[in-house]
Amino acid sequence: MPELPEVETIKRYLNKAISEKRIVDIEILSKKQFPDNPKEVIGEKILSVERRAKNLIIKLSDKKALFIHLKLSGQLIWERKTKIPAKSTRVVISLNNGKLFFNEIRKLGWIKILNQNQLDLELARFGPEPFSKDFSTEYLQKVFGKSARPIKTVLLDQEKIAGIGNIYANEALFEAKINPRKPVNKLTVREIERLQKAILLVLKEGIKYGGASAADQLYVRPDSSHGSYQQHFRVYQKDGEKCQKCETIIKRINLGGRGTFFCPKCQR
DNA sequence: AGTATCCTGGAA
DNA sequence: TTCCAGGATACT
């Protein structure tokens, strides 16, 4: 579920809650979600919590890190007081000031222990962070290149741009007035400029509202509260409703196996 | 460039 | 019962 703004929200929360704390114990309830030997990190101190693309990185004192991907339904819940694991709890990380519950209904997400080298290799695969200088219109023109892939599909490609998922891809394309099916090699310079701005705008909005807890509300912040960006969706899951700009009915299509929402009139 | 697959659960 | 889901990857 979580995309850049959701993971960023979790990162900021956890940084305050668990930085400088020590790992006391790790209880694994589903081996697939934590395939490594927890003994490698028990006793380690947490330096900081970082984010790259949709991954969370809990940096540890000995150059190791916990590398976490929440995939579609992963949650990290922080509890100061003792709490019984939920049905979906797969891993419990006990610190000296509370417990971090890794809840993951669909069992797609995971936590891996990586050394500095392995971490560098993993992170090298991602494209630029949208909030970095590298994310420029010049860069976008270059990576779009001659490819005829639909723009919506390319936006979801983490090797091209890091952190955009289905919600923000749909929202950014509406804001930039670009049809999600448009081949990237057909985008004009003007469209690329609009898109670059629109991506930054919707991601900033997402962070401002603490992320999006969409229809099934699987995304929650570490204190179990919901984000509120879903109240500001322009097109995502709004098929059958009127476009907020021109009142045309929002359409839903399938692109690359993902639900895709757009205004047929505003986005040609 | 498409689509099958890993999983579970809620909605239609 | 079938379809759908904020992701990513391994295949045709």
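The figures that follow rest on heavy atoms only: side chains count, while hydrogens, waters and symmetry mates do not. Here is how names work: the chains are called A, B, and so on, in the same order as the sequence lines, proteins then strands, and each is numbered from 1.
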- Should the ring pair Y236(A) and F233(A) be called parallel, tilted or perpendicular, given that the plane angle runs from 0 to 90° and is split at 30 and 60? perpendicular
- Task: Walk me through it: do Q33(A) and S30(A) pass the test side-chain hydrogen bond (donor to acceptor under 3.5 Å, both in side chains)?
- Result: CA-CA 6 Å; Q33(A) 272 46 68; S30(A) 173; 2.8 Å; yes
- Answer yes or no: are there more than 12 heavy-atom neighbours, outside K245(A) itself, under 6.0 Å from its atom NZ? yes
- Item | Nucleotide nearest R149(A) (side chain, heavy atoms from C-beta), chosen from dA8(C), dG6(C), dA1(B) | dA1(B)
- Distance check: side-chain N/O of R258(A) vs OP1/OP2 of dT3(B), anything under 4.0 Å? no
- Contact class for G257(A) vs. all strands (heavy atom < 4.0 Å): base, sugar-phosphate, or nothing? nothing
- Message: Between Y236(A) and R125(A), which residue's closest nucleotide on DNA chain C lies nearer the 5′ terminus?
- Response: Y236(A)
- Determine the contact category for Q158(A): base if any of its heavy atoms lies under 4.0 Å from a base atom, sugar-phosphate if only primed atoms, P, OP1 or OP2 are that close, otherwise nothing. sugar-phosphate
- Message: Do the side chains of E40(A) and K64(A) get close enough for a salt bridge, i.e. N-O under 4.0 angstrom?
- Response: yes
- Between I192(A) and T137(A) the two heavy atoms that sit nearest each other are CG2-O, 4.0 Å
Hey, can you pull the donor-acceptor pairs under 3.5 Å for the side chains in residues 253-266 of chain A, sequence neighbours left out?
from    : atom 1 : to      : atom 2 : distance (Å)
N254(A) : OD1    : G257(A) : N      : 3.0
T260(A) : OG1    : K152(A) : NZ     : 2.7
T260(A) : OG1    : R258(A) : O      : 3.1

- Query: Side-chain contact, heavy-atom cut-off 4.5 Å: E3(A) with V7(A)?
  - Reply: no
- Nucleotide-resolved protein contact map, nucleotides 5-12 of chain B, B/S/- at heavy-atom distance under 4.0 Å: -BBBS---
- What residues form a ring-ring contact (aromatic ring centres under 6.0 Å, His included) with H226(A), not counting sequence neighbours? none
- Can you find a side chain N or O atom of H69(A) that sits less than 4.0 Å from OP1 or OP2 on dG7(C)? no
- Message: With no hydrogens and no angle check, just 3.5 Å: does a side-chain donor-acceptor pair link E171(A) and Y229(A)?
- Response: no
- Task: Apply side-chain hydrogen bond (donor to acceptor under 3.5 Å, both in side chains) to R125(A) and list each qualifying residue two or more places apart in sequence or on a separate chain.
- Result: E122(A)
- Item | Stem list, DNA chain C (Watson-Crick or G-U pairing under 3.5 Å, at least 3 consecutive pairs) | B:1-6 with C:7-12, B:8-12 with C:1-5
Check nucleotides 2-4 of chain C against the protein and report each pair of N or O atoms closer than 3.5 Å, with its distance, or say if there are none.
from   : atom 1 : to      : atom 2 : distance (Å)
dC4(C) : O3'    : R252(A) : NH2    : 3.4

- Determine the Euclidean distance between corresponding P atoms of dC7(B) and dA10(C); express it in Å to zero decimal places. 15 Å
- Query: Under 4.0 Å between a side-chain N or O of Y168(A) and OP1 or OP2 of dG6(C)?
  - Reply: no
- K177(A), NZ: over 12 other non-hydrogen atoms inside 6.0 angstrom: no
- Message: Between dA1(B) and dG6(C), how far apart are the two C1' atoms, rounded to whole Å?
- Response: 24 Å
